[in-house]
Amino acid sequence: MVGSVGNGLLDLGGREKVEPLPKEFDPEEIVDSLLHSESNIVGKEEDGTSRKIVLGRNVHTMCLEVKEPEADDEITGEREAYMAGVLARYRRSLIDRTKHHLGYPYNLDFDYGALIHLQHFSINNLGDPFIESNYGVHSRQFEVGVLDWFARLWELEKNEYWGYITNCGTEGNLHGILVGREVFPNGILYASKESHYSVFKAARMYRMECVKVATLVSGEIDCTDFRAKLVQNKEKPAIININIGTTVKGAVDDLDLVIQTLEENGFKDRFYIHCDGALFGLMMPFIKRAPKVTFKKPIGSVSVSGHKFVGCPVPCRRQITRLEHINALSSNVEYLASRDATIMGSRNGHAPIFLWYTLNRKGYQGFQKEVQKCLRNAHYLKNRLKEAGIGSMLNELSSTVVFERPKDEDFIRQWQLACEGNIAHVVVMPNVTIEKLDYFLRELLEKRSHWYQEGTISPPCLAAEIGEANCLCFSHKN
């Protein structure tokens, strides 16, 4: 598996002639045909007009039909040729989509060509990583090596931790919150309103009482509101989700202040903290001025995605908790001749190998260099947006640049921007170069001049979303 960013296949400035995408892979062709279908009318506006599916949202884009082979396919080879053609066109679409990928936190700069020979094996790490099962085609030795690396990073001794590599990011949060509930069965889950949706999914799945906490304009948890809500529920223990980088604004919750708030309000030894470090959980240890996320503090679990900053080509997450907490979840499975405290059971055995390979290639110094590059490029984008008169925000410990939402849904889809209300964001990852940001900025500024008629129309006010100091609407520009 080879990342296509930076391989010279497409010119970032758009100077080379690029062959159009085939219709079955072209988002504009697909959506255009769907939007002209009566089945896509989903409701009515207040004036009675039809409200159709918004471009890029909730659209089942296409279906590549599976057909039965013809009797003479082995002789003619037509079916193989057809499938090869489909896959070649799909690869072209991936190259184009990778070229215009800015809104989601995936590091697309990787090369796992050295591991391609392992794809011939069905590698499954089912059950407990530390107890080998009867299924011998596994990669537990790689998985435990990766977990040991992260345990050292978060300052937890080998004989004091338990963890595993999950099948996705959500599973890490589901597991961390489940451990918290097992430690405190009657505990209340507290999470800031800007926490990832999987945290609230966990509350619904486990039927936990969940309290949403307000946030500051930066996106981090508001500990004044947190204190007020704790006091209302003093009789029940607290299970807290801490964000090491929120989904939209990249805000980092103040872990030390949260712990202080808990202890000052009668919750000492009556709380469990899960740290959702999806993206920034791996970046923060390499930022000198960043506060430490460490098990030397009274936290219960930490999880960090492998398909984000590390650049694993399959979704996964490293979930680590204290060994003392895991016995309540673990059970013997005779069928496996092992124990299991995971959520999914069967787990992708290739993911630990990808992670092990990258950790060995880059090491602490390699990740530190990439973190510094991301922060520099994020500041570059933020400064360029400000110079262009575009309201934007960049949190101190973040590489997520928040700015006004583009008015053109086609442009949003083209650059795969994540949007919420009046704001959008770009997540600057190791594969995002200055050249790519310049390319994006040129297109944005050209489009924006039409949207706001060369500055004669005010852009939306973003004071509520990013603060008055960052808003550049007509009311706050001066």
Side-chain angles (χ1 to χ4, degrees), residues 105 146-158 160-166 169 172-173 175-177 179-180 183 189-192 194-196 198-199 213 215-216 218-221 223 226 238-247 249-263 271-306 308-310 316-325 355 359 363-364 367-368 370-372 374-375 395-400 427:
V146 171
L147 293 172
D148 282 350
W149 191 91
F150 279 94
R152 289 195 302 272
L153 187 70
W154 296 323
E155 301 182 307
L156 191 57
E157 296 297 324
K158 279 188 179 185
E160 294 179 349
Y161 90 85
W162 184 91
Y164 74 106
I165 295 175
T166 72
N173 286 338
H175 193 274
I177 293 169
V179 173
V183 174
L189 176 60
Y190 296 86
S192 84
E194 298 203 27
S195 297
H196 190 264
S198 62
V199 173
V213 182
T215 56
L216 306 176
S218 65
E220 67 182 273
I221 191 168
C223 280
F226 179 46
I239 301 166
I240 307 97
N241 177 76
I242 289 288
N243 295 304
I244 313 300
T246 55
T247 308
K249 296 180 180 178
V252 176
D253 291 341
D254 190 332
L255 174 59
D256 293 334
L257 185 56
V258 167
I259 294 171
Q260 179 184 332
T261 302
L262 287 160
E263 293 182 342
F271 65 85
Y272 179 96
I273 293 176
H274 169 68
C275 297
D276 176 9
L279 170 62
F280 297 112
L282 183 53
M283 296 178 69
M284 277 187 58
F286 304 105
I287 303 174
K288 289 182 180 179
R289 63 185 180 278
K292 265 190 150 186
V293 176
T294 169
F295 279 91
K296 292 188 182 299
K297 298 176 183 179
I299 62 175
S301 52
V302 182
S303 63
V304 171
S305 294
K308 293 184 177 174
F309 196 79
V310 174
C316 62
R317 183 175 278 213
R318 286 84 72 199
Q319 163 69 2
I320 287 183
T321 186
R322 296 181 187 273
L323 182 61
E324 64 188 89
H325 295 328
L355 297 174
L359 293 178
Y364 290 103
F367 283 117
Q368 187 171 37
E370 289 195 336
V371 168
Q372 296 306 318
C374 291
L375 296 179
N395 277 308
E396 182 185 6
L397 303 173
S398 176
S399 66
T400 298
V427 185

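For the numbers below, each heavy atom of this structure counts, side chains included, while hydrogens, waters and symmetry mates do not.
Atoms CG and CD1, from L279 and I244 in turn, are 11.5 Å apart once rounded to the nearest 0.5 Å. For the atom pair Y164 OH and I320 CD1, the distance stands at 12.5 Å (nearest 0.5 Å). In this structure, the separation between NZ on K158 and CG on L323 is 14.0 Å, given to the nearest 0.5 Å. Going from atom CG of N395 over to atom NZ of K249 covers 8.0 Å, rounded to the nearest 0.5 Å.
Between Y190 and F226, the ring-plane angle classifies as perpendicular under the 30° and 60° cut-offs.
Put simply, the side chain of Y161 gets close to the backbone of D148: a donor and an acceptor are under 3.5 Å apart. With T321 contributing its side chain and G300 its backbone, the two residues share a donor-acceptor pair below 3.5 Å. Looking only at distances, a side-chain donor or acceptor of T166 sits under 3.5 Å from a matching main-chain atom of R317. Side-chain atoms of R322 come within 3.5 Å of backbone atoms of I299 as a donor-acceptor pair (strictly under, hydrogens ignored).
Evaluated for a side chain to side chain contact (heavy atoms under 4.5 Å, CB included) with C275, the options D253, V304, N241, I242 yield exactly one hit, I242.
For the pair E370 and F286, the minimum side-chain heavy-atom distance is 4.5 Å or more. Side-chain atoms of E396 and R289, non-hydrogen and from C-beta on, do get closer than 4.5 Å to each other. Looking at heavy atoms from C-beta onward, L257 lies out of side-chain contact with E220 at the 4.5 angstrom threshold. By the 4.5 Å heavy-atom criterion applied to side chains, V199 and N243 are not counted as neighbours. Looking at F367 and L153, their side chains never come closer than 4.5 Å, going by heavy atoms from C-beta outward. Looking at heavy atoms from C-beta onward, H325 lies out of side-chain contact with W162 at the 4.5 angstrom threshold. Between L255 and K297 the shortest side-chain heavy-atom distance falls below 4.5 Å. The shortest side-chain heavy-atom distance between M284 and P291 falls under the 4.5 Å cut-off.
Pairing each heavy atom of L282 with each of R318, the nearest pair is CD2-NH2, 3.9 Å. Considering every non-hydrogen atom in both S303 and G172, the closest pair reads OG-C, 4.1 Å. Heavy-atom minimum distance, P285 versus F280: CD-O, 4.5 Å. S192 approaches T215 most closely through the heavy-atom pair CB-CG2, 3.6 Å. Residues G306 and L355 approach most closely at CA-CD2, 3.9 Å, considering heavy atoms. Taking all atoms of both residues into account, the shortest heavy-atom contact from W154 to V293 is CD1-O, 3.6 Å.
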Step by step, work out the side chain to side chain contact (heavy atoms under 4.5 Å, CB included) result for C223 and V258.
CA-CA 7 Å; C223 280; V258 167; 3.9 Å; yes
With side chain to side chain contact (heavy atoms under 4.5 Å, CB included) as the criterion, how do M283 and K308 come out once you've worked through the C-alpha distance, each side chain's angles and the decisive distance to 0.1 Å?
CA-CA 11 Å; M283 296 178 69; K308 293 184 177 174; over 6 Å; no
Take F150 and L156, measure what side chain to side chain contact (heavy atoms under 4.5 Å, CB included) needs, and give me the verdict at the end.
CA-CA 9 Å; F150 279 94; L156 191 57; over 6 Å; no
Would you check, one step at a time, whether the test side chain to side chain contact (heavy atoms under 4.5 Å, CB included) holds for E263 with F271?
CA-CA 9 Å; E263 293 182 342; F271 65 85; 4.2 Å; yes
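Side-chain contact check for H196 and T247: no donor-acceptor pair (N or O, by modelled atom type) lies under 3.5 Å. Looking only at atom types and distance, the side chain of D276 has a donor-acceptor partner in the side chain of N173 under 3.5 Å away.
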